[in-house]
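Mind having a look at this structure? Questions to follow.
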Amino acid sequence: MLQQTQVDTVIPYFERFIRAFPDVPALAAADQQAVLKLWEGLGYYSRARNLHKTAQLLVAQHDGELPGDIEALRRLPGFGPYTTAAVGSIAFGYPVPVVDGNVLRVFCRFWGIATDIRQPRLRTELQTRLTPFIAAAPPSAFNQAMMEVGALVCRPQAPRCNACPLQADCVAFQTGRTAELPVKSARKPVPHHQIVAGIVWKDEKFLLARRRQDQMLGGLWVFPGGKSKPGEAPATTLRREVHAKTGLRIRVGFPYCRVEHGYTHFKITLTAYRCEWRSGEAKALTSDEVRWVSLQEIGTYPLPKANHKVLEAVRDYERMQGNAG
DNA sequence: AAGACGGGGTG
DNA sequence: CACCCAGTCTT
């Protein structure tokens with residue numbers, strides 16, 4: 001959960017998650033839907049899919065326990081360089097330094113390194129350079145101390161150098177370059193897409209599609225729809241996309257709402273239309289599964305944030321009309 | 001070595 | 001708005 005997500009954001013998710021799945025066998029036995037539901041809103045859903053996969057793998061191959069050597073840890077789904085080092089050092093005491101976003105910043109400043117921190121090789125270089133030092137302390141304490149210094153003292157903006165235990169030997173501090181280091185190249189501008197989604201009603205239920213595992217938002221349920229072509233009328237897009245993805249013919253009604261949402265590498269304006277089924281049997285043509293769901297049943301389905309915003313508008317309207325909810 | 005991959009918190 | 005976050009996986 002802590003991969004690319006701040007501790008304060010994670011805490012409530014962690015509490016709920018660990019209450020539902022107190023140990024590895026409990027997680028392994030759960031349905032992916034239930035796991036994703038507890039991850040809903042946290043983002044980077046591959047973390048949840050990998051954690052679940054790893055739990056099942058541990059039960060099947062390692063008696064439900066984590067393997068105790070670094071190479072075996074590294075092979076587990078979701079265990080990259082950081083998590084392998086964190087678990088290896090904190091759980092098993094191996095002297096392997098962790099390099100997270102905090103450590104990267106601390107030592108770019110400390111050693112005056114001006115390499116773009118987007119460069120992947122910088123992480124391995126720092127891990128190598130830190131290895132001689134970790135032997136001087138309990139690895140668990142060393143790693144957590146370095147991350148903590150980054151989070152609380154050597155902050156991105158306005159670092160608290162006067163409270164820093166590394167100040168005396170810090171190149172950035174000595175040379176007055178704490179504001180210039182670390183160096184980070186500008187991110188490319190993100191495209192903005194117009195998306196239309198259909199809430200397709202049939203007999204008090206609407207259609208949801210479960211996105212394929214290897215897609216963005218894989219395993220989550222979404223309203224069918226897709227990207228508008230330039231200048232294309234929304235109803236045209238929607239009829240085309242819904243037919244291509246589910247095989248249904250629909251009647252497009254009015255928009256329930258418009259939602260702005262930002263992802264890591266693009267932005268969307270999502271317009272959600274009330275639609276009615278006309279003909280055809282729903283098929284999972286581009287998804288793993290399609291299902292007719294009522295407003296009463298939807299609570300157990302994990303949805304991405306943008307679809308949740310849509311759902312609220314749907315609820316409000318249908319409640320007002322005294323329909324199906 | 002690049003991109004893809006979510007969402008929230010902060011100034 | 002922009003930047004950041006206890007990164008990982010696929011090309």
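Per chain, numbering begins at 1; letters A, B, ... match sequence-line order.
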N/O (side chain, A/R105) to phosphate O (OP1/OP2, C/dC5) under 4.0 Å: yes

Within the structure, does a side-chain N or O atom of A/Q4 lie under 4.0 Å from either OP1 or OP2 of C/dG7? yes

When all nucleic acid strands are considered with a 4.0 Å heavy-atom cut-off, which category describes A/K188: base, sugar-phosphate, or nothing? sugar-phosphate

Stacked cation flag A/R19 on A/F17, 6.0 angstrom / 45 deg: no

From B/dG7, C/dC9, C/dA6, pick the nucleotide closest to the side chain of A/D100? C/dA6

With hydrogens left out and only the distance checked, is there a donor-acceptor pair under 3.5 Å joining A/T9's side chain and the base of B/dG9? no

Does this structure show an ion pair linking A/K309 with A/E312, if we count only N-O contacts that are shorter than 4.0 Å? no

Both A/R121 and A/A306 contact DNA chain B. Taking the nearest nucleotide for each, which residue is further toward the 5' end? A/R121

Which nucleotide, C/dA6, C/dC9, B/dG7, lies nearest any side-chain atom of A/P304? B/dG7

Candidate nucleotides B/dG7, B/dG3, B/dG6, ranked by approach to the side chain of A/K305 - the nearest: B/dG7

Do the side-chain N or O atoms of A/H261 get closer than 4.0 angstrom to the phosphate oxygens (OP1, OP2) of B/dG7? yes

Taking CG from A/L152 and P from C/dA6, how many angstroms apart are they, rounded to a whole number? 9 Å

Would you check if the distance from the ring center of A/Y263 to the ring center of A/H261 is below 6.0 Å? yes

State whether A/K227 and A/E241 are salt-bridged, where the test is any N-O pair (Lys NZ or Arg NE/NH1/NH2 against Asp/Glu carboxylate O) under 4.0 Å. no

Rounding to the closest angstrom, what is the interatomic distance between C/dA6 and B/dG11 at atom P? 14 Å

So what does A/M147 touch, heavy atoms closer than 4.0 Å: a base, only the sugar-phosphate, or nothing? base

Please classify the nucleic acid contact of A/Y82 as base, sugar-phosphate, or nothing, using heavy-atom distances under 4.0 Å. base

Check: A/F133 ring centroid to A/F107 ring centroid under 6.0 Å: no

Pick base, sugar-phosphate or nothing for A/G43, based on heavy-atom distances below 4.0 Å to the nucleic acid. base

So does A/R187 get a side-chain nitrogen or oxygen closer than 4.0 Å to the phosphate oxygens (OP1/OP2) of C/dA2? no

Between CG of A/L270 and P of B/dG6 the distance, given in whole Å, is 16 Å

Nearest-angstrom distance from the residue atom CD of A/E180 to P of C/dC3: 16 Å

Residue A/L2, side-chain atoms from C-beta onward, closest of C/dC4, B/dG6, C/dA6: C/dA6

What's the gap between B/dG6 and C/dC3 when it is taken at their C1' atoms, as a whole Å value? 16 Å

Over how many whole Å does the gap from A/Q6 atom CD to B/dG9 atom P extend? 9 Å

Per the side-chain hydrogen bond (donor to acceptor under 3.5 Å, both in side chains) rule, which among A/R291, A/Q33, A/K37 passes with A/Y301? A/R291

Starting the side chain at C-beta, find the nucleotide from C/dC5, C/dT8, B/dA2 nearest to A/P120. B/dA2

Taking the six-membered ring of A/W111 (Phe, Tyr or Trp), confirm whether the NZ or CZ of A/R129 is under 6.0 Å from its centre and within 45° of its axis. yes

For B/dC5, does either OP1 or OP2 sit under 4.0 Å from a side-chain N or O belonging to A/H265? yes

What integer distance in Å separates A/Q3:CD from C/dC5:P? 15 Å

Where the side chain of A/Y263 is concerned, which of B/dG6, C/dA6, C/dT8 is the nearest nucleotide? B/dG6

What integer distance in Å separates A/F266:CZ from B/dG3:P? 16 Å

Ignoring hydrogens and angles, are the base of B/dG6 and the side chain of A/T5 linked by a donor-acceptor pair under 3.5 Å? yes

Of A/S46 and A/Q157, the one whose closest DNA chain B nucleotide lies more 5': A/S46

Could you work out which one of B/dG7, B/dA2, B/dC5 sits closest to the side chain of A/Q119? B/dA2

Counting distance alone, no hydrogens or angles: does the base of B/dG6 have a donor or acceptor under 3.5 Å from a partner atom on the side chain of A/Y44? yes

